[in-house]
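No hydrogens, no waters, no symmetry mates; every other heavy atom, side chains included, goes into these values. In this chain, residues are counted from 1 in sequence order.
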Amino acid sequence: LQSIALPSSLTSIGSYAFGDCSSLQSIALPSSLTSIGSYAFGDCSSLQSIALPSSLTSIGSYAFSSCTSLTEISFPESITSIGSGAFSDCSGLTKVTCLIPFPISASSGIFSGINQEACTLVVPEWSALLYKMAVGWSEFSKIETVKTGDLALLTVNDNRYLPESVRPNGTPDVYVSEEGSLTVRGNKEFNMNELTLNIEIGEGKWNWGYDENGDYIEYCTPNLLGSSLFNDESKLTAKSAKLGLKSKGATWGFITLPFDANLSDITPMVEGDVNNYIWKTYDGERRALLGSGGNWKEATGTLKAGVGYIYQSQNNDSVFVKAIASTLSDMLSNGDITLPLKTYAANDAEDESWNFIGNPYPTYFNTRYINFTAPITVWNGNGYDAISLTDDDYTLAPCQAFFVQKQEDTESIKFFAEGRTTEYSQSNNNNNYTRAKLYNATNSERNIINLYLEGANYKDKSRIVFNEKAKLDYELNCDATKFMDEDATIPQLYSIDNGGCQYAINERPEGDGYVTLGIVVPETGQYTISVDKINLAKEIYLIDTKENIVTELTSAEYTFYSDATTSNGRFILSLEKNATRINNMNVDSSCVNITNKGIIINNALGDRVEVYTLDGKCVYDAVVSNQHETIAMNKGTYVVKVAEKSFKTVIK
């Protein structure tokens, strides 16, 4: 086979398609071609020239390896990926023209086996500096430039930056994929036509490990993978912008937009698809009136920048959210951003002033650079995580939304621009960042205990912070109520105060040294409760009141078997090893039932009933006179003693 003309409808050439065609001298590639597979023309030693069409986007590994008669090759600007060794051992090459705006990484030996000292590299005039600094391309001894005219499209699929002196010709469209990051440095203007950023829903979860310095860390990977546009010092402008949302069918995405957008301007990414997205936002006023649960309301009209939303499509559909152009200034700036917070008065502190907002920057953001002390709550794709802005190293993804309660002494939440980063880091603030502008959480009197409940497929977290300066009741500035997952397969762990409030983060004084725990077990099986053993100031004991077992969690985990259940009180955390006061305490019984108004004693006619608070105070002592005796009680956790048996009860 010496020559071949391929049909105009062809879009891809598969791997090894023409491998070892040693007599092939020429081939005409159609303008419809988008990809060339691995080894497609490997060892075509007689191939003298080949014109790569402007439609081509990818070249596979070793696609043209050992094409020793090939003297020139020209890469069109449309190419976004070149595989390892794609032109290795093409010893006859004397000229390589590359019109790709950003140099593709050549660290994988794209040109290995080529005499780069004798081969000339020709690149666009405006991006010559980028090529001279890029691995693989900088090894060409002779680099020449060519004027390419105005650039129509600048595509970013990985981490890229524009130095101060480098700007593309014209006013190009800029497309940043969900895995891409573009940093614009220097104070020289960069004017764009249409800017396209992208977000994709994934899964995030808590992780445990060690950083590069050997320090133990915990980190939660965000469930959103998003584009990053980082403005260092430049003046950026765009005539228009849009956000591409790639949906995971029947899965809620939690996001905030970096600009305002009309719901009526949201269009399918693929022509012909149906825009069947559902958009909702959080109703903090309803939460304040009625408590947690069912507080989502449909979003209408205009989606506002900085406000949190959830969205879902029943299919794996993708849409473009078009920006209202007049609202692009914050997204394109490099300044601090302040978001207002609303007040919603409630009877219970854990229900008041909930706001659903988000990362206002199109970058990853280190939460240590927020002028706020109250915890935030994020959705990680599997469940809710409470994050302490003073104790945790957490990185928000671009456009990631979160819940926060407005504190009494502040009207807004401020994001300092220094917190922006171009990529997710599991230990952003371990050692490398200053916290001069922020509240200093360092306090030797605070004893942080991280507890975990682990099932077969998921691990949930709760935190207790013993601090004698804190209060037993819920405090907006340091406590976080537990957000319960709607997914029935996920186990839950939380602590409970005497008022029945359920905590994800519970900062409190030691008091009597006992903390009641609650669990949600989704299905019958084995579960494990454990604690972080790093930097614990005291020994921690777990009391299983059902099995009457005490475990020192600082030296061992506790594994138990349970049917599917919700149990508020089976487990108690104690700072004391002696747990005799709850010996023989039962958890579940048909004898004792609870309602939101009190305790019901069944089938105990003539028996003596005593009710105690957890600190040992007797609040009821009488003989049962009715078959179903009702004892009025306020919200709280109690020990109910009927005859010679004791039961743990929680009234919400």
Side-chain angles (χ1 to χ4, degrees), residues 50-54 56-59 64 70-84 86-88 90 92-177 180-193 195 229-237 422:
I50 189 166
L52 303 178
S54 59
L56 190 65
T57 60
S58 66
I59 300 174
F64 294 92
L70 198 62
T71 58
E72 294 186 16
I73 189 68
S74 179
F75 300 111
E77 65 179 48
S78 58
I79 292 180
T80 59
S81 67
I82 303 176
S84 60
F87 291 87
S88 59
C90 290
L93 275 178
T94 59
K95 184 179 181 181
V96 174
T97 300
C98 188
L99 302 181
I100 305 170
F102 279 118
I104 291 173
S105 174
S107 59
S108 58
I110 292 175
F111 301 109
S112 62
I114 293 174
N115 185 358
Q116 289 177 274
E117 293 184 359
C119 186
T120 300
L121 175 63
V122 181
V123 299
E125 185 178 47
W126 72 269
S127 58
L129 179 61
L130 300 180
Y131 278 89
K132 290 178 181 179
M133 298 170 61
V135 175
W137 303 95
S138 62
E139 297 173 10
F140 285 91
S141 298
K142 188 176 182 181
I143 299 180
E144 298 179 353
T145 62
V146 60
K147 292 185 177 181
T148 55
D150 291 348
L151 183 67
L153 175 64
L154 186 63
T155 300
V156 182
N157 291 317
D158 51 14
N159 292 335
R160 297 291 178 170
Y161 75 94
L162 290 174
E164 180 176 6
S165 59
V166 177
R167 296 291 184 269
N169 298 328
T171 308
D173 290 339
V174 176
Y175 180 93
V176 187
S177 74
S181 169
L182 176 61
T183 300
V184 184
R185 296 177 177 169
N187 55 17
K188 188 177 180 180
E189 289 188 2
F190 179 38
N191 301 312
M192 297 171 282
N193 182 42
L195 169 65
L229 176 66
F230 189 100
N231 180 5
D232 189 8
E233 301 173 351
S234 306
K235 180 180 179 181
L236 301 185
T237 66
T422 56

Which heavy atom in Ser181 sits nearest to a heavy atom in Thr422, and how many Å separate them?
OG-CB, 3.2 Å
To the nearest 0.5 Å, tell me how far Ile79 CD1 sits from Ser81 OG.
8.5 Å
Please examine the side chains of Cys119 and Phe111, heavy atoms only from C-beta on, and report whether any two atoms are closer than 4.5 Å.
no
With a 4.5 Å cut-off on side-chain heavy atoms, are Pro101 and Glu77 touching?
yes
Using 0.5 Å steps for rounding, measure from the CG atom of Leu121 to the NZ atom of Lys132.
10.5 Å
Could you state the interatomic distance from OG1 (Thr80) to OH (Tyr175), rounded to the nearest 0.5 Å?
10.5 Å
Shortest non-hydrogen contact between Ser54 and Ser78, atoms and distance
O-OG, 2.7 Å
Trace of the side chain to side chain contact (heavy atoms under 4.5 Å, CB included) decision for Leu52 with Ile59
CA-CA 10 Å; Leu52 303 178; Ile59 300 174; 4.0 Å; yes
All side-chain hydrogen bond (donor to acceptor under 3.5 Å, both in side chains) counterparts of Ser234, not counting sequence neighbours:
Arg167
Nearest non-hydrogen partners of Cys98 and Pro124, listed with the distance:
O-CD, 3.1 Å
Below 4.5 Å, heavy atoms only, C-beta onward: do Ile82 and Phe75 meet side chain to side chain?
yes
For Lys142, what residues pass the salt bridge (Lys or Arg N to Asp or Glu O under 4.0 Å) criterion, not counting sequence neighbours?
Glu144
Taking all non-hydrogen atoms of both residues into account, name the closest pair between Leu99 and Pro76 and its distance.
CB-C, 4.3 Å
Distance flag, aromatic centroids of Tyr131 and Phe140, threshold under 6.0 Å
no
According to the interplanar angle, ranging from 0 to 90°, do the rings of Phe87 and Phe64 count as parallel (below 30°), tilted (30 to 60°) or perpendicular (above 60°)?
parallel
Using a 3.5 Å distance criterion without hydrogens, assess whether the side chain of Gln116 forms a donor-acceptor pair with backbone atoms of Ser138.
no
Applying side chain to side chain contact (heavy atoms under 4.5 Å, CB included), run through Glu164 and Asn187 and close with a yes or a no.
CA-CA 7 Å; Glu164 180 176 6; Asn187 55 17; 3.3 Å; yes
Sequence neighbours left out, cut at 3.5 Å: what donor-acceptor pairs do the side chains of residues 145-159 make with other protein atoms?
from, atom 1, to, atom 2, distance (Å)
Asn157, OD1, Ser177, OG, 3.4
Asp158, OD1, Arg160, NE, 2.8
Asn159, ND2, Glu423, OE1, 3.1

Side chains of Thr237 and Asn191: is there a donor and an acceptor less than 3.5 Å apart?
yes
Checking side chain to side chain contact (heavy atoms under 4.5 Å, CB included) for the pair Tyr161/Asp232: CA distance, chi angles, key distance, verdict?
CA-CA 10 Å; Tyr161 75 94; Asp232 189 8; over 6 Å; no
Kindly indicate whether the side chain of Lys95, heavy atoms from C-beta on, has any atom under 4.5 Å from the side chain of Thr71.
no
Just wondering, do Phe102 and Leu162 contact through their side chains at under 4.5 Å, heavy atoms?
yes
